[in-house]
Amino acid sequence: MYRRYSQTGEGNANLSQVNRNRIRNVIVLLLVIALAVTLIITLPVMQNQSETRNLYIQKIQAEVDEALRQTATLSRNAGADSAAILSRIRSNIYAVRMLNTVNSASGGKPLLEDERLTTLQNMVDRYLTYLTTGMDTGEYQTALQVSLSELQEIAGNLN
C-alpha cells in the first residue's frame, strides 16, 4: 500500500535534476561572490587612477599658466632679466613634459602632444639665442606667447 522512498525507479530522474539545480545554484553564487570581490578590489584602483590623472592635469595647467605669466613679463627690448625669465619658462615647459611622460608611463595616454612641447622648448631656445646675440626679440616673444596661449587652452580642455 504505502510505497517506501527509494532512490531507484521514477524518483531517480527527479533526484538527479535536484542535484543539478543545486550545483548550478552553487556555481552562480560563487560567480556572484567573485564578481563582488573583483568590484571591491578594482573600484578603489580605478578611482585612484582618476584622481591621479586629475592631479596631473591640475599640475600641467598650473605650469602652463605660470609659463604664460612669465612670458608676459618679458620686455620687448631684451631686458637684463629676460634670460632668467626664459629659463623659468623653459623649466615650466620641461615640467609639463615630465608630467605628460609620467602620466603615459603609468598606463594612461599622453595628455598633451609631445611634439607641441618640443616645439615650445625649441622656441624658447631660439629666443634665448637671439637675446644673447642682441637681435630684436619682439616677434619671438609674440610667437612664444601665442603658442603658450594655445597650450593653455588645450590644457584647460583636458578635464
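Everything quoted here is computed from the prediction, not taken from an experiment. Values below: every heavy atom of this structure, side chains too, minus hydrogens, waters and symmetry copies.
The closest side-chain heavy-atom distance from Arg97 to Gln121 is below 4.5 Å. Side-chain atoms of Leu131 and Leu86, non-hydrogen and from C-beta on, do get closer than 4.5 Å to each other. When side chains are defined from C-beta on, Lys109 does not count as touching Ser104, because their heavy atoms never get closer than 4.5 Å. The shortest side-chain heavy-atom distance between Asp114 and Thr118 falls under the 4.5 Å cut-off. Considering only heavy atoms from C-beta on, Ile89 comes within 4.5 Å of Leu74 through its side chain. Using a 4.5 Å heavy-atom cutoff, the side chains of Asp81 and Thr73 are not in contact.
Without hydrogens or angle criteria, Thr133 side chain to Tyr130 main chain gives a donor-acceptor distance under 3.5 Å. Side-chain N or O atoms of Gln152 include none that pairs as donor or acceptor with a backbone N or O of Asp65 at under 3.5 Å. A donor-acceptor pair is defined here as one N or O able to donate and one able to accept, closer than 3.5 Å; such a pair exists between the side chain of Asn25 and the backbone of Asn21. For Asn100 (side chain) and Leu112 (main-chain N/O), a donor-acceptor pair under 3.5 Å exists by modelled atom type.
Note: the hydrophobic cluster containing Ile154 also contains Leu99 (ILVMFWY, side chain heavy atoms under 4.5 Å, direct or indirect links). Leu158 and Tyr56 fall within the same hydrophobic cluster, where Ile, Leu, Val, Met, Phe, Trp and Tyr residues are linked whenever their side-chain heavy atoms come under 4.5 Å apart, directly or through other members. Placement of Leu39 and Leu31 in two distinct hydrophobic clusters is found when ILVMFWY residues are connected by side-chain heavy-atom separations under 4.5 Å, directly or transitively. Taking hydrophobic clusters as Ile, Leu, Val, Met, Phe, Trp and Tyr residues chained together by side-chain heavy-atom distances below 4.5 Å, Val102 shares a cluster with Leu151. No continuous path of hydrophobic side-chain contacts links Leu35 to Ile27 [ILVMFWY only; heavy atoms under 4.5 Å].
Side-chain N/O atoms of Arg20 and Ser16 include a donor and acceptor closer than 3.5 Å. With hydrogens and angles left out, the side-chain atoms of Gln70 and Asn92 include no donor and acceptor closer than 3.5 Å.
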Before you tell me yes or no, could you show the steps for Arg90 and Asp125 under side chain to side chain contact (heavy atoms under 4.5 Å, CB included), namely the whole-Å CA-CA distance, both residues' side-chain angles and the distance that decides it to 0.1 Å? CA-CA 8 Å; Arg90 192 170 204 296; Asp125 291 341; 2.7 Å; yes

Kindly determine whether Leu120 and Leu144 satisfy side chain to side chain contact (heavy atoms under 4.5 Å, CB included), including the steps that lead there. CA-CA 7 Å; Leu120 273 170; Leu144 182 62; 3.9 Å; yes

Might you work through the side chain to side chain contact (heavy atoms under 4.5 Å, CB included) test for Ile93 and Val64, ending with a clear yes or no? CA-CA 7 Å; Ile93 296 169; Val64 171; over 6 Å; no

Go through the steps to decide whether Leu68 and Ser149 satisfy the test side chain to side chain contact (heavy atoms under 4.5 Å, CB included), and finish with yes or no. CA-CA 7 Å; Leu68 188 59; Ser149 294; 3.7 Å; yes

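Look at Glu150 and Arg116 and you find a salt bridge, because one of the NZ, NE, NH1 or NH2 atoms lies within 4.0 Å of a carboxylate O, short of that distance.
Between atom CD1 of residue Ile57 and atom OG1 of residue Thr52 there is a gap of 11.0 Å, rounded to the nearest 0.5 Å. Here the OH-CE distance, from Tyr140 to Met123, works out to 10.0 Å after rounding to the nearest 0.5 Å. Between Leu111 atom CG and Asn103 atom CG the span is 4.0 Å, to the nearest 0.5 Å. If you take CG on Asn157 and CD on Gln61, they are separated by 9.0 Å, rounding to the nearest 0.5 Å. To the nearest 0.5 Å, the span separating OH on Tyr127 from CD1 on Ile85 amounts to 8.5 Å. Ser91 contributes atom OG, which lies 7.0 Å from atom CD of Glu63 (distance to the nearest 0.5 angstrom).
Heavy-atom neighbours of Glu153 CD from other residues, nucleotides or ligands within 6.0 Å: at or below the threshold of 12.
Ala155 and Ile60 make their closest contact through CB-CG2, 4.2 Å (heavy atoms, listed as atom of the first residue, atom of the second, distance).
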